[in-house]
K.L.:
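After the structure tokens below, expect a handful of questions from me.
Any value given below was found using the heavy atoms of this structure, including those in side chains, with hydrogens, waters and symmetry copies removed. Letters A, B, ... mirror the listed sequences (proteins, then strands); counts begin at 1.
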Amino acid sequence: MKLATWNVNSLTARWGRVESWLVEHAPDIVLIQETKQSDEKFPFAPLAALGYESAHYGQGQWNGVAILSRVGIEDVRRGFGDEDPEARLIGATCAGLRVYSCYVPNGRALDDPHYAYKLEWLAALARILAERDPTKSVVVGGDFNVAPTDLDCYDPSLFEGATHVSEPERAALRAIEATGLVDLTRQLNPGEPCFTWWDYRSGSFHRGWGLRIDLVYVDEVLLHKATASYVDREARKGEKPSDHAPVVAEFDL
DNA sequence: ATGTCACAGTCCCTGTGA
């Protein structure tokens, strides 16, 4: 079973690249972030032609998350509950696995109200994961907008006082891990940076100025069934790429 | 620390968000 997570930075702008990537890599389950589409614009039919059922939580101009599955999609949950101001979380059950696609708020700056919203959002995610059905394996993937450790940042000295690396954000990730989850890409690639995002500006990708902020959390059962987790840097190259590369996880179920 | 990209509306430029 092959699962991928990818912040596409507008599915409208990225459709051609996403379609060819799905054909080439043939993942079974795909977690998408930043579709930047309403549900009306989401390409349900073209995805169905590729063999994927889809669930989308769209907002329009900003945010928007989706799950694509070739192995069934049931019990879709959009957001945390009744007072979700932004479309950043969708969950579904695919082939018996509970999967979540997450687009964690950026935070903008440590003194910005959006940073407090980011921490509250991560705490809400930890709460629903703590309350999950413990008999069902879970995958929580997406753009977390947090580099879990300094290894996940190309130059920590440039990020002092910035978002994405602050201690409260990292503690919020540890609270998610404390519900029984493991950062799969890091677990399978100890010591390797495995960056997933590079700023469009300044030729960051070619200079290696990246962060690892797109993460795949799995429970212990799935950890032991995992055979690989890697970043497809090829998808960050060429014409009109997203600023994020897909992260892939493979399991022998 | 910025040599970019995508979006919508003010609509072929500008402000916002990343």
K.L.:
If the condition is salt bridge (Lys or Arg N to Asp or Glu O under 4.0 Å), which residues does A:R186 pass it with, not counting sequence neighbours?
P.N.:
A:D152
K.L.:
Pairs under 3.5 angstrom, nitrogen or oxygen only, protein versus nucleotides 11-15 of chain B, please.
P.N.:
none

K.L.:
Look at the side chain of A:S202 and decide which nucleotide, out of B:dA18, B:dA6, B:dT2, has an atom nearest to it.
P.N.:
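Minimum distance to the A:S202 side chain belongs to B:dT2.
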K.L.:
Whole angstroms only, please: what is the OH-P distance between A:Y200 and B:dA6?
P.N.:
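Rounding to the nearest Å, OH of A:Y200 and P of B:dA6 are 5 Å apart.
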K.L.:
Is the centre of the A:W121 ring less than 6.0 Å from the centre of the A:F80 ring?
P.N.:
yes
K.L.:
With the side chain of A:W209 defined as its heavy atoms from C-beta on, choose the nearest nucleotide among B:dC7, B:dA1, B:dG3.
P.N.:
B:dA1
K.L.:
Any idea which of B:dA6, B:dA18, B:dC7 is nearest the A:R108 side chain?
P.N.:
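Per side-chain heavy atoms of A:R108, the pick is B:dA18.
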K.L.:
Round to a whole Å and report the spacing from CZ of A:R201 to C1' of B:dG17.
P.N.:
11 Å
K.L.:
Is the closest side-chain donor-acceptor distance between A:D143 and A:W197 under 3.5 Å?
P.N.:
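Side-chain D/A pair, A:D143 to A:W197: absent.
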K.L.:
Nearest whole angstrom, please: distance from the P of B:dC5 to the CZ of A:F205.
P.N.:
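Those two atoms, CZ and P, are 14 Å apart.
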K.L.:
Check every atom of B:dA1, B:dA6, B:dG3 against the side chain of A:R14 and return the nucleotide holding the closest atom.
P.N.:
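The answer is B:dA6.
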K.L.:
Whether the side chain of A:Y154 and the base of B:dA1 hold a donor-acceptor pair under 3.5 Å is what I'd like checked.
P.N.:
yes
K.L.:
Taking A:F144 as the fixed residue, which of A:T196, A:D214, A:L125 is the one that meets the side-chain contact (heavy atoms from CB on, under 4.5 Å) rule?
P.N.:
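Going through A:T196, A:D214, A:L125 one by one, the side-chain contact (heavy atoms from CB on, under 4.5 Å) with A:F144 is satisfied by A:L125 alone.
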K.L.:
Between atom CD in A:Q33 and atom C1' in B:dG17, what is the gap in whole Å?
P.N.:
17 Å
